[in-house]
Amino acid sequence: MTMTGADGARRATADGTADRELVRAAAEVARTRCRGDNHTMAAAARARDGRIVTAVNAYHFTGGPCAELVLIGTAAAQGAYDLDTVVAVGDRDRGVVPPCGRCRQVMFDYFPELRVIVGNGDRMRAVPIAELLPETYVWADQQLDDAG
């Protein structure tokens with residue numbers, strides 16, 4: 001179940017219910033756009049204004065970006081700088097896939113209030129990104145003030 005905010009955006013409910021429309025969008029991209037070994041994951045995010053942005057990973061043996069990282073750049077290119085919820089879905093009907101550690105850190109740094117959809121079926125839920133990073137490293141907190 002999603003709810004619509006004052007700005008018209010549909011969001012996950014406060015109880016953590018997953019945004020199933022967002023999951024369907026990512027699953028459709030995974031089914032129709034992921035082909036071969038280069039593109040195996042799709043991601044979808046809902047911007048605060050309600051728009052849904054999608055992307056796929058760009059696998060490369062040197063460490064090509066995950067779908068969630070491509071999604072951040074794609075969203076920015078479309079003027080969506082404030083993401084509310086994100087989900088990643090694997091190709092070949094693998095379902096929702098939780099973000100890797102690098103993606104968790106990057107998403108936390110860009111969007112500390114972001115909710116991430118994890119789990120499958122009846123266990124699917126939206127959780128705050130901070131819950132996926134226990135003892136979270138906050139880069140800004142570690143910077144020294146040279147004004148000293």
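On a predicted model such as this, the values are computed, not experimentally measured, just so you know.
- Residues Leu69 and Leu133 share a hydrophobic cluster, clusters being chains of Ile/Leu/Val/Met/Phe/Trp/Tyr side chains in contact below 4.5 Å.
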Exercise. Does the pair Leu22 and Ile52 meet the rule for a side-chain contact (heavy atoms from CB on, under 4.5 Å), with working shown?
Worked result: CA-CA 7 Å; Leu22 198 60; Ile52 292 178; 3.9 Å; yes
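- In this structure, CH2 in Trp139 is found 9.0 Å from CG in Asp109, a value given to the nearest 0.5 Å.
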Problem set entry | Audit row: Val127, Val118, side-chain contact (heavy atoms from CB on, under 4.5 Å) steps and yes/no | CA-CA 7 Å; Val127 299; Val118 295; 4.2 Å; yes
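- Nearest heavy atoms, Arg20 versus Gly121: NH2-O, 3.5 Å.
- Using a distance-only test at 3.5 Å, with no hydrogens or angles considered, a donor-acceptor pair links the side chain of Arg94 to the main chain of Thr40.
- Around the CD atom of Glu113, the shell of radius 6.0 Å holds no more than 12 heavy atoms that belong to other residues, nucleotides or ligands.
- Residues Ala45 and Leu83 share a closest heavy-atom pair of CB-CD1, 3.9 Å.
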For this session: Assess whether side-chain contact (heavy atoms from CB on, under 4.5 Å) is satisfied between Thr136 and Phe108, documenting all intermediate values.
Result: CA-CA 9 Å; Thr136 303; Phe108 176 82; 3.4 Å; yes
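- Under the 3.5 Å distance criterion, the side-chain polar atoms of Arg104 are matched with a main-chain donor or acceptor of Leu132.
- Judged by distance alone, with hydrogens and angles left aside, the side-chain atoms of Arg48 form no donor-acceptor pair with the main-chain N or O of Tyr81 at under 3.5 Å.
- Around the CZ atom of Arg102, the shell of radius 6.0 Å holds more than 12 heavy atoms that belong to other residues, nucleotides or ligands.
- Scanning all heavy atoms of the two residues, the minimum distance from Pro112 to Ile129 falls at O-CG2, 3.7 Å.
- Summarising the local packing, CG of Asp37 is surrounded by 12 or fewer heavy atoms from other residues, nucleotides or ligands at distances under 6.0 Å.
- Between the Asp91 side chain and the Met41 main chain, no donor and acceptor come within less than 3.5 Å of each other.
- Closest approach of Asn57 and Val70 over heavy atoms only: CA-CG2, 4.4 Å.
- Counting heavy atoms from C-beta outward, Arg33 and His39 have side chains that stay 4.5 Å or more apart.
- The nearest pair of heavy atoms linking Leu71 to Ala43 is CD1-O, 3.9 Å.
- Placement of Val89 and Val97 in two distinct hydrophobic clusters is found when ILVMFWY residues are connected by side-chain heavy-atom separations under 4.5 Å, directly or transitively.
- With contacts defined as side-chain heavy-atom distances shorter than 4.5 Å, the pair Ile72/Tyr110 qualifies.
- Here Arg46 pairs with Glu21 in a salt bridge; the nearest charged N to carboxylate O distance falls below 4.0 Å.
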For this session: Go through the steps to decide whether Val29 and Val56 satisfy the test side-chain contact (heavy atoms from CB on, under 4.5 Å), and finish with yes or no.
Result: CA-CA 8 Å; Val29 171; Val56 298; 3.6 Å; yes
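- For the pair Cys66 and Cys100, the minimum side-chain heavy-atom distance is below 4.5 Å.
- Side-chain atoms of Gln105 come within 3.5 Å of backbone atoms of Tyr137 as a donor-acceptor pair (strictly under, hydrogens ignored).
- Tracing side-chain contacts under 4.5 Å through hydrophobic residues (I, L, V, M, F, W, Y), one reaches Val53 starting from Val106; they form part of the same cluster.
- Distance check, rounded to the nearest 0.5 Å: CZ of Arg125 to CD of Glu131 gives 8.5 Å.
- Closest heavy-atom contact between Ile117 and Val96: O-CG1, 3.5 Å.
- Contact check for Asp141 versus Gln143: no side-chain heavy atoms found under the 4.5 Å cut-off.
- Following chains of ILVMFWY side-chain contacts shorter than 4.5 Å, one cannot reach Met124 starting from Val116, and the two form parts of different hydrophobic clusters.
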